[in-house]
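Scroll down for the structure; my scribbles are underneath it.
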Amino acid sequence: MGKVAVGAAVVCAAAVCAAAALVVRHRMKSSGRWARAVAILKELEEKCGTPNSKLKQVADAMTVEMHAGLASEGGSKLKMIISYVDNLPTGEEKGLFYALDLGGTNFRVLRVLLGGKESRVVKQEFEEVSIPPHLMTGSSDALFDYIAAALAKFVAAEGEGLHVSPGRQRELGFTFSFPVRQTSISSGTLIKWTKGFSIDDTVGQDVVGELSKAMERIGLDMRVAALVNDTIGTLAGGRYNYPDVVAAVILGTGTNAAYVERAHAIPKWHGLLPKSGEMVINMEWGNFRSSHLPLTEYDLALDAESLNPGEQVTFFHQVASFNLLIFHKLDVTLLTTVSRFLKKLFLVCIWERLYEEFCARWLKKLHFLVMLFHQN
């Protein structure tokens with residue numbers, strides 16, 4: 001009986017909500033609000049419009065910048081950084097490996113036991129560690145000593161079956177998501193700190209060297225085998241599971257892409273061609289700009305309130321969710337402008353249409369990515 005009563009209550013509630021929605025919609029249409037809401041969305045749709053012809057123009061513009069970036073350093077808005085990664089995982093790897101991921105106010109340490117084609121990932125463990133604020137603006141030694149200590153503690157907790165073979169040194173993959181000038185597969189100098197870090201004595205130094213010295217100071221026997229950023233790490237992870245993967249895209253707080261390029265198609269590469277004939281390129285495409293990218297008054301308003309006005313209307317700031325973090329810093333005038341827009345949208349109860357517009361825009365972006373990499 002109780003279940004029947006609950007069911008009846010749910011049905012009644014649903015009916016009441018449906019009736020209320022119809023009443024609200026009728027009132028909105030009667031008052032002209034619905035027409036104004038549709039007009040607002042139509043205007044936004046036109047300003048954000050990305051028909052296939054425009055996507056083709058953006059893709060063509062990015063292709064030109066890609067070729068320029070591969071030709072020479074500083075010759076393009078896209079850095080097209082040579083990663084020195086000329087071989088990606090095959091899925092046949094075996095053994096115990098460690099990873100350190102440093103890219104923000106937290107860092108993660110991970111160990112994984114790989115069992116080859118048959119077993120793949122046998123076991124993995126990880127731990128996330130917060131970085132105290134004072135270390136983000138202190139000295140290089142203090143920061144890397146803290147990281148090395150946490151890594152040593154994690155290594156000391158190796159469980160049964162998670163030990164390296166006798167006589168073999170532990171190997172570490174270091175994901176460092178800050179601007180670095182890569183000099184080899186396992187070395188790179190820091191160009192500048194971002195994301196709230198400001199440690200002057202690290203800039204211009206080899207970050208692998210800084211970490212290695214810190215590990216030596218506490219007696220941790222471990223070798224950094226590779227230095228990569230998060231985009232290349234994503235590409236490697238994709239290739240491990242799917243052998244036909246050739247590109248990776250990050251769409252999150254920031255945005256970036258990495259892909260596999262033919263080594264002979266990189267004029268600025270002056271070393272011996274790798275045996276694989278391939279080289280992974282870190283595009284750093286967040287700085288890409290084009291007159292073909294659709295701009296709205298909201299993009300321009302955010303740019304005006306950014307740290308570098310006039311330099312921030314880029315692919316990064318139009319795609320990345322980082323923009324949402326800027327709102328708490330905006331002035332009253334801009335907040336008023338944005339709030340009026342949001343009120344017009346949300347107070348007229350058009351959630352479904354807004355969701356459709358959101359999905360359509362992201363599908364267009366994914367279509368653009370397919371077009372771009374198909375061209376290359």
Side-chain angles (χ1 to χ4, degrees), residues 47-86 88 179-182 191 228-236 238-239 242 244-252 254-271 273-274 276-296 299 303 310-320 322-323 360-376:
K47 289 181 177 179
C48 297
T50 51
N52 288 344
S53 58
K54 183 173 283 292
L55 289 175
K56 180 68 164 57
Q57 290 175 326
V58 174
D60 288 344
M62 185 173 280
T63 300
V64 170
E65 293 294 335
M66 289 172 68
H67 287 303
L70 290 174
S72 63
E73 295 293 346
S76 166
K77 302 181 185 75
L78 304 180
K79 294 185 182 299
M80 304 299 287
I81 297 172
I82 296 173
S83 70
Y84 292 86
V85 175
D86 55 15
L88 290 167
V180 164
R181 183 172 291 105
Q182 195 102 10
I191 298 173
V228 298
N229 72 354
D230 54 351
T231 315
I232 295 173
T234 300
L235 175 58
R239 177 65 70 87
Y242 305 99
D244 56 347
V245 168
V246 295
V249 175
I250 297 291
L251 291 170
T255 181
N256 193 15
Y259 73 101
V260 180
E261 180 61 272
R262 295 162 297 174
H264 64 78
I266 311 173
K268 68 180 180 181
W269 171 257
H270 301 300
L273 290 178
S276 67
E278 299 177 335
M279 180 65 69
V280 174
I281 297 295
N282 169 21
M283 290 181 63
E284 290 294 341
W285 75 1
N287 198 44
F288 173 70
R289 305 182 198 181
S290 171
S291 59
H292 301 298
L293 287 171
L295 286 177
T296 69
D299 293 309
D303 172 62
E311 300 180 10
Q312 302 298 312
V313 186
T314 62
F315 197 56
F316 167 81
H317 288 87
Q318 291 186 273
V319 174
F322 171 82
N323 297 294
R361 188 169 184 184
W362 276 98
L363 284 173
K364 286 288 188 181
K365 288 175 181 175
L366 292 176
H367 185 199
F368 159 68
L369 295 175
V370 172
M371 291 176 63
L372 174 64
F373 286 110
H374 178 71
Q375 287 185 354
N376 290 278

Do Ile281 and Met66 pass the side-chain contact (heavy atoms from CB on, under 4.5 Å) test, and can you show the C-alpha distance, the side-chain angles, and the key distance before you say yes or no? CA-CA 10 Å; Ile281 297 295; Met66 289 172 68; over 6 Å; no
Which atom pair, heavy atoms only, marks the closest approach of [X] to [Y]?
X      : Y      : result
Ala71  : Lys268 : O-CB, 3.5 Å
Ala68  : Gly75  : CB-O, 3.5 Å
Leu78  : Trp285 : CD2-CA, 3.5 Å
Glu278 : Pro274 : O-CG, 3.3 Å
Thr231 : Ile250 : OG1-CG1, 3.6 Å
Arg239 : Val260 : NH2-CG2, 3.8 Å

I'd like to know if the side chain of Ser276 reaches the main chain of Asp86, judged simply by a donor and an acceptor atom lying under 3.5 Å from each other, with no hydrogens or angles considered.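 At least one qualifying donor-acceptor pair exists.
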By salt bridge (Lys or Arg N to Asp or Glu O under 4.0 Å) - contacts of Lys54 (at least two apart):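 Checked Lys54 against salt bridge (Lys or Arg N to Asp or Glu O under 4.0 Å); zero matches.
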Just to verify, what does Glu65 make a salt bridge (Lys or Arg N to Asp or Glu O under 4.0 Å) with, not counting sequence neighbours?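 Partners of Glu65 by the salt bridge (Lys or Arg N to Asp or Glu O under 4.0 Å) criterion, ordered by chain and then number, come out as Lys77.
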Run the side chain to side chain contact (heavy atoms under 4.5 Å, CB included) test against [X] and tell me which residues pass, sequence neighbours left out.
X      : value
Ser72  : none
Glu284 : Lys79, Ile81, Asn229, Asn256, Asn282
Val245 : Leu235, Tyr242
Val228 : Val85, Thr175, Ile232

Contact check, side chains of Met62 and Met283, non-hydrogen atoms, under 4.5 Å: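 In short, these two side chains touch, coming nearer than 4.5 Å.
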Glu73 CD to Ile82 CD1 distance, which is reported to the nearest 0.5 Å: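 One finds 6.5 Å between CD of Glu73 and CD1 of Ile82.
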